[in-house]
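Per chain, numbering begins at 1; letters A, B, ... match sequence-line order.
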2 protein chains.
Amino acid sequence: MEKPTASPPDEQSLDRHAFVLERLSNDNHRYTTGRHRLVDALAGSSKPLTLPDIVAIAPDLAASSVYRNLEVLEQCGVVKRITSGSGHAHFELAEPLLSHHHHLVCVDCGEIEDVRLDDEVEELLDQHLNMVATDASFKPLRHNLDLQGHCEKCQDLL
Amino acid sequence: MEKPTASPPDEQSLDRHAFVLERLSNDNHRYTTGRHRLVDALAGSSKPLTLPDIVAIAPDLAASSVYRNLEVLEQCGVVKRITSGSGHAHFELAEPLLSHHHHLVCVDCGEIEDVRLDDEVEELLDQHLNMVATDASFKPLRHNLDLQGHCEKCQDLL
DNA sequence: GCAATAATGATAATGAGTCTCATTTATAAT
DNA sequence: ATTATAAATGAGACTCATTATCATTATTGC
């Protein structure tokens with residue numbers, strides 16, 4: 001066989017997998033097919049996914065392995081965990097793989113959507129956050145900003 | 001006896017309790033001594049508290065009742081729940097009782113501290129968030145912003 | 001005071017996430 | 001290639017924060 005991959009490896013996914021491989025290797029981890037599939041599932045979605053979402057997309061992945069791998073990938077900086085409180089955590093690709101953005105969190109159904117802010121706003125925000133962090137002797141790593149409210153779907157259900 | 005309260009009821013706490021009473025009454029709930037104690041515990045701390053924190057401060061409160069009352073108070077808009085992912089949720093008084101602020105979340109020990117941003121930054125942020133929400137047909141209720149990093153205490157442990 | 005109703009608290013139940021461990025798979029060395 | 005070494009897998013047991021249950025107790029309206 002030549003290359004009967006289900007999804008043709010476009011340039012983007014090549015870059016992505018190269019990046020993931022490097023991050024994993026740096027920490028003496030292997031880029032197994034299970035992890036590959038997990039990354040593909042996350043990359044294939046425009047929204048952050050829960051564990052049931054992931055298993056629904058890739059039913060042959062074992063839940064326990066997915067949880068373990070999400071943790072490994074999170075520590076390597078490949079995956080970001082979003083804990084909005086209601087039930088399951090959500091997961092998405094981390095910042096170098098997905099550009100910096102924030103979330104619209106629906107308080108009704110728990111779904112999460114991505115949004116991006118203007119660079120100038122983001123920059124101003126960062127400056128001020130660094131200021132207040134310094135005042136508190138706090139060493140900042142990253143910031144999270146989310147907007148809670150009602151998503152379009154849940155507004156219709158009224 | 002006249003007024004042998006442990007903490008003398010200053011003006012602030014009178015206001016606070018009047019506010020809580022109104023919010024509870026509006027929803028046909030009673031402002032019992034247990035709920036009073038819970039509000040006092042939250043009001044007496046400069047940081048958001050976990051359930052173990054609360055029970056440590058007021059050991060005569062039953063955990064199950066505290067959880068139940070936190071939920072009731074949350075729905076009445078008196079308490080705000082903060083879920084940072086690591087173990088216990090944190091709780092603090094909600095916005096009308098505590099001025100608008102954000103959080104420094106320590107990724108090592110999980111402690112949460114309050115920070116306030118300049119009004120102008122906050123306003124600009126709100127404007128932009130409303131804009132992107134409108135674009136996504138999303139009805140915003142509130143925003144959360146937190147800075148993750150290492151708190152002063154945990155930096156010393158290196 | 002006397003219903004009617006809500007709150008309490010001890011305990012059981014839930015469920016998302018983690019741990020275990022025997023088996024499988026991938027890397028490294030010879 | 002073959003083996004030796006180490007990591008990954010997957011099924012299920014387990015944890016533990018949070019919720020639900022329910023009999024008892026407290027509070028409010030009449």
Return the set of residues passing side chain to side chain donor-acceptor pair (under 3.5 Å) with [X] (not counting sequence neighbours), or none when no residue passes.
X      : result
B/E74  : B/R81
B/E95  : B/H100
B/Q148 : A/R142, A/N144

Practice prompt. Assign each of B/Y31 and A/G34 to its nearest nucleotide of DNA chain D by heavy atoms, then name whichever residue's nucleotide is nearer the 5' end.
Written response: A/G34
Worksheet item: Which residue lies toward the 5' end of DNA chain D, A/H29 or B/G87, if each is placed at its nearest nucleotide?
Response: A/H29
Practice prompt. Any chance you could pull the hydrophobic cluster mates of B/M131, using side-chain heavy atoms under 4.5 angstrom and chaining through other members?
Written response: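 When side chains under 4.5 Å apart are linked, B/M131 ends up in no cluster with other residues.
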Practice prompt. List, by chain and number, the other hydrophobic cluster members for B/V121, where Ile, Leu, Val, Met, Phe, Trp and Tyr join if side-chain heavy atoms come within less than 4.5 Å, directly or indirectly.
Written response: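 For the cluster that includes B/V121, the remaining residues are A/L104, A/V115, A/L117, A/V121, A/L125, A/L129, A/V132, A/F138, A/L145, A/L147, B/L104, B/V115, B/L117, B/L125, B/L129, B/V132, B/F138, B/L145, B/L147.
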Worksheet item: Got a sec, which pairs hit side-chain hydrogen bond (donor to acceptor under 3.5 Å, both in side chains) with one end in residues 42-55 of chain B, sequence neighbours left out?
Response: B/T50-B/D53
Worksheet item: With A/H150, which residues qualify under ring-ring contact (aromatic ring centres under 6.0 Å, His included), at least two apart?
Response: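 ring-ring contact (aromatic ring centres under 6.0 Å, His included) check on A/H150 returns nothing, list empty.
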Discussion item. Once rounded to the nearest 0.5 Å, what's the spacing between atom CG of B/D108 and atom CG of B/L157?
Written reply: 8.0 Å
Item to complete: Taking side chain to side chain contact (heavy atoms under 4.5 Å, CB included) as the test, write out the residues that go with A/A58, two or more places apart.
Response: A/D60, A/L61
Discussion item. Which residues pass the side chain to side chain contact (heavy atoms under 4.5 Å, CB included) test with A/L98, not counting sequence neighbours?
Written reply: A/E92, A/L93, A/H101, A/D114
Worksheet item: Where does the chain B footprint on DNA chain C start and end, counting 5' to 3' with a 4.0 Å heavy-atom cut-off?
Response: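 Contact boundaries, 5' end first: C/dT5 to C/dT11.
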Discussion item. Under 4.0 Å, heavy atom to any atom of DNA chain D: which of residues 62-80 of chain B qualify?
Written reply: B/S64, B/Y67
Item to complete: Using chain A heavy atoms and a threshold of under 4.0 Å, write down where along DNA chain D the contacts begin and end, 5' to 3'.
Response: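 Both ends considered, the range comes out as D/dA6 to D/dG12.
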